[in-house]
Amino acid sequence: MSWIVTGMGAVASIGDSVDEIFDSLVAGRSGLGPLRGYDREKFRAQVAYEIDDRPAPGVDVPLRATRWLEQAVAAAAADAGLGDDLSGVPVLVGTTLRELRSVELSWRDKVPFDAADLHFGTMLRRRFGAADTHTVANACSASLYTLALGTDLLELGAADTVVVAGVDTISESTYGLLDRCYPEAPDRVRPFDRARRGMLQGEGAVAVVLRRESDGPGAAGRVHARVRGVAVNCDAHHPSAPDAKNITAAVREAHERAGVRPADIDLVMLHGTGTPLNDEAESTALGAVFAGVEPSPYMTAIKSMTGHTAGASGLHSLVAAVDVMRCGTVPPTVYLDDPVEAVAGFRLVRGAAERADGPLRIAQIDSFGFGGLNAVAVVEAVRESAGEGAGS
């Protein structure tokens, strides 16, 4: 069975919509800026990939993540022709921190808000009439886990349409925690670069609408892309260090579920956090999977411009992949000036966006989280005019 994407919506530090985000990615425009939400004197790192929607520098307000989620879901639902009525549509939300920042503001600064709003389901019921909502807190691979769960619901006949989403904001406690993790404070996200210092967080939300391909696009009347397969595993290898062997297994299972070979993959949206452990594990896994494939698929890591949007990051990469396949231009991995030896054989796009030398038909999206939560999706381009797959 395959599934179609009929609606997309997103917000991040580099754009307020799917189109704005993709334009920024192609232009190599980063959302990196001076830390706006907190007292910079408390931290070594001084920058982050924040959404600039606070009322004033240093003044924070609760429920920002919920508002971004509402914006992304509304955009995806409108794009899919569903309007604001999701009363019969399951909504699955992947996240790492939920509304932890709101809890911090309430506990320390006594900023008032209704505790019922800590659950995303409250907003989803109020705005969209959604009665079947679920939050999946599976670290940084959470939104691709919701994608897997969404396809399962469709395959089992438990729903005809599903909204899958991801959202995360930066909390002061996690910013401080990560600030103590690295020998030297990161100044930017530099995936696979010898000068990388570690990961910096980003903010944002993203949502896509899924349907069974056999049922057609419904009210949308068109299809953005086809989801060929999603694989997930949880190896519990280490609290924070990924394991190359199990990432390799997840990639291979995703290919098997999608019915594709490594040579069929035209584009890899890398997890690419800019941490030595992730870069080593991901490059080792991809080196094993794509051994003998010449040239390798195009590869890029958008966290170099969005920061690590954590629970939203997998679907952020998926939405970007859809636009990359549609227009044939691959955004660069910015700040990748001196690649590590492990990626020497990879066709990494860096410096500036690159026009692909042929059609981009099938994309692989990587997403890995603390605790060994690995998720990989395979997505296929769809020609809008014919509504048919471009790769088969």
Under 4.0 Å between a Lys/Arg side-chain N and an Asp/Glu carboxylate O for E354 and R347? no

Do S173 and L100 pass the side-chain contact (heavy atoms from CB on, under 4.5 Å) test, and can you show the C-alpha distance, the side-chain angles, and the key distance before you say yes or no? CA-CA 9 Å; S173 54; L100 177 59; 3.8 Å; yes

Hey, could you give me the OG1/CG distance between T66 and L118, rounded to the nearest 0.5 Å? 8.0 Å

Side chains of S17 and D19 only: does a donor on one sit below 3.5 Å from an acceptor on the other? no

Any side-chain heavy atom of P242 sitting closer than 4.5 Å to one from E282? no

Which other residues belong to the hydrophobic cluster containing L178, where Ile, Leu, Val, Met, Phe, Trp and Tyr are joined when side-chain heavy atoms lie under 4.5 Å apart, directly or via other members? L177, Y182, M199

State plainly whether one hydrophobic cluster holds both V208 and V163, where clusters connect Ile, Leu, Val, Met, Phe, Trp and Tyr through side-chain heavy atoms under 4.5 angstrom apart. no

Polar side-chain atom of N233 near backbone of N246 as donor-acceptor pair, under 3.5 Å: yes

Short side-chain to backbone donor-acceptor contact, E50 and G37, under 3.5 Å: yes

Ionic contact status for D160 with R212, cut-off 4.0 Å: yes

Count the heavy atoms of every other residue, nucleotide or ligand shown that sit under 6.0 Å from CD of E20, and state whether that count exceeds 12. yes

Ignoring hydrogens and angles, tell me if any N or O in the side chain of S2 forms a donor-acceptor pair with the backbone of E213 under 3.5 Å. no

Are R211 and T161 close enough, and set up right, to give a side-chain hydrogen bond (donor to acceptor under 3.5 Å, both in side chains), and what steps lead you there? CA-CA 5 Å; R211 289 175 58 83; T161 302; 2.8 Å; yes

CG of D52 to CZ of R36, rounded to nearest 0.5 Å, is 4.0 Å

Check against side-chain hydrogen bond (donor to acceptor under 3.5 Å, both in side chains), H224 and R222: CA-CA 7 Å; H224 287 297; R222 54 145 172 69; 3.1 Å; yes

Could you pull out all residues at least two apart from R196 that satisfy salt bridge (Lys or Arg N to Asp or Glu O under 4.0 Å)? D279

Over all heavy atoms of both residues, which pair between V93 and T146 is shortest? Give the atoms and the distance, please. C-CG2, 3.7 Å

With a 4.5 Å heavy-atom cut-off, do F113 and V61 have their side chains touching? no

Side chain proximity check, V268 to F290, heavy atoms < 4.5 angstrom: yes

Residues that D338 engages under salt bridge (Lys or Arg N to Asp or Glu O under 4.0 Å), provided they are two or more places apart: R194

Look at R101 together with E172 and state whether they make a salt bridge at an N to O cut-off of under 4.0 Å. yes

What is the minimum heavy-atom distance between L25 and M305, and which atoms define it? O-CE, 3.5 Å

Between M1 and V162, is there shared hydrophobic-cluster membership here, with clusters defined by ILVMFWY side-chain heavy atoms closer than 4.5 Å? yes

When hydrophobic residues are tied together by side-chain contacts of less than 4.5 Å, even through go-betweens, does F192 share a cluster with F368? yes

Do H308 and H316 have ring centres separated by under 6.0 Å? no

Are the side chains of I302 and S317 in contact, using a 4.5 Å heavy-atom criterion? yes

Under 3.5 Å donor-acceptor, S106 side chain and S102 backbone: no

Step by step, work out the side-chain contact (heavy atoms from CB on, under 4.5 Å) result for V47 and R188. CA-CA 8 Å; V47 293; R188 61 200 64 200; over 6 Å; no

Given side chains that start at C-beta, do those of L336 and L348 come closer than 4.5 Å, heavy atoms only? yes

Would you compute the distance between atom CG of D53 and atom CD of E203 and round it to the nearest 0.5 angstrom? 7.5 Å

With side-chain contact (heavy atoms from CB on, under 4.5 Å) as the criterion, how do Q364 and L286 come out once you've worked through the C-alpha distance, each side chain's angles and the decisive distance to 0.1 Å? CA-CA 11 Å; Q364 170 186 317; L286 296 184; 3.6 Å; yes

Expected output: side-chain S143 to main-chain G311 donor-acceptor under 3.5 Å: yes

Nearest heavy atoms of A12 and I51, plus distance in Å: C-CG1, 3.7 Å

Heavy atoms of Y335 and V189 approach each other most closely as CD1-O, 3.5 Å

Do the side chains of D193 and D337 get nearer than 4.5 Å, heavy atoms only? yes

If you count heavy atoms of other groups shown closer than 6.0 angstrom to CD of E256, is the number above 12? no

Assess whether a salt bridge exists between R67 and E70, defined as any Lys/Arg side-chain N lying under 4.0 Å from an Asp/Glu carboxylate O. no

Heavy-atom distance under 4.5 Å between the side chains of T151 and R257, does that happen here? no

Do you know which two heavy atoms are closest between A244 and A281, and how far apart they sit? CB-O, 3.6 Å

From OG1 (T122) to CD (E99), nearest 0.5 Å: 10.5 Å

Which of T135, L210, V164 passes side-chain contact (heavy atoms from CB on, under 4.5 Å) with L92? It is V164

Side-chain heavy atoms nearer than 4.5 Å, only ILVMFWY residues, links allowed to pass through others: does that put V334 and V26 together? yes

Nearest 0.5 angstrom please: I362 CD1 to R228 CZ, how far? 5.0 Å

Quick one: are D117 and M123 in side-chain contact, heavy atoms under 4.5 Å? no

Same cluster or not: Y145 versus V91, using hydrophobic residues (I, L, V, M, F, W, Y) connected whenever any side-chain heavy atoms lie under 4.5 Å apart? no

For S30 and Y49, the nearest pair of non-hydrogen atoms, with its separation, is OG-CE2, 3.4 Å

How many angstroms lie between atom CD1 of I14 and atom OG1 of T309, to the nearest 0.5 angstrom? 9.5 Å

Step by step, work out the side-chain hydrogen bond (donor to acceptor under 3.5 Å, both in side chains) result for T95 and D168. CA-CA 6 Å; T95 183; D168 257 312; 3.2 Å; yes

As a quick check of understanding, evaluate side-chain contact (heavy atoms from CB on, under 4.5 Å) for L35 and Y175, giving each step before the final call. CA-CA 10 Å; L35 191 63; Y175 191 88; 3.7 Å; yes

Side-chain (Q46) to main-chain (A185) donor-acceptor, under 3.5 angstrom: no

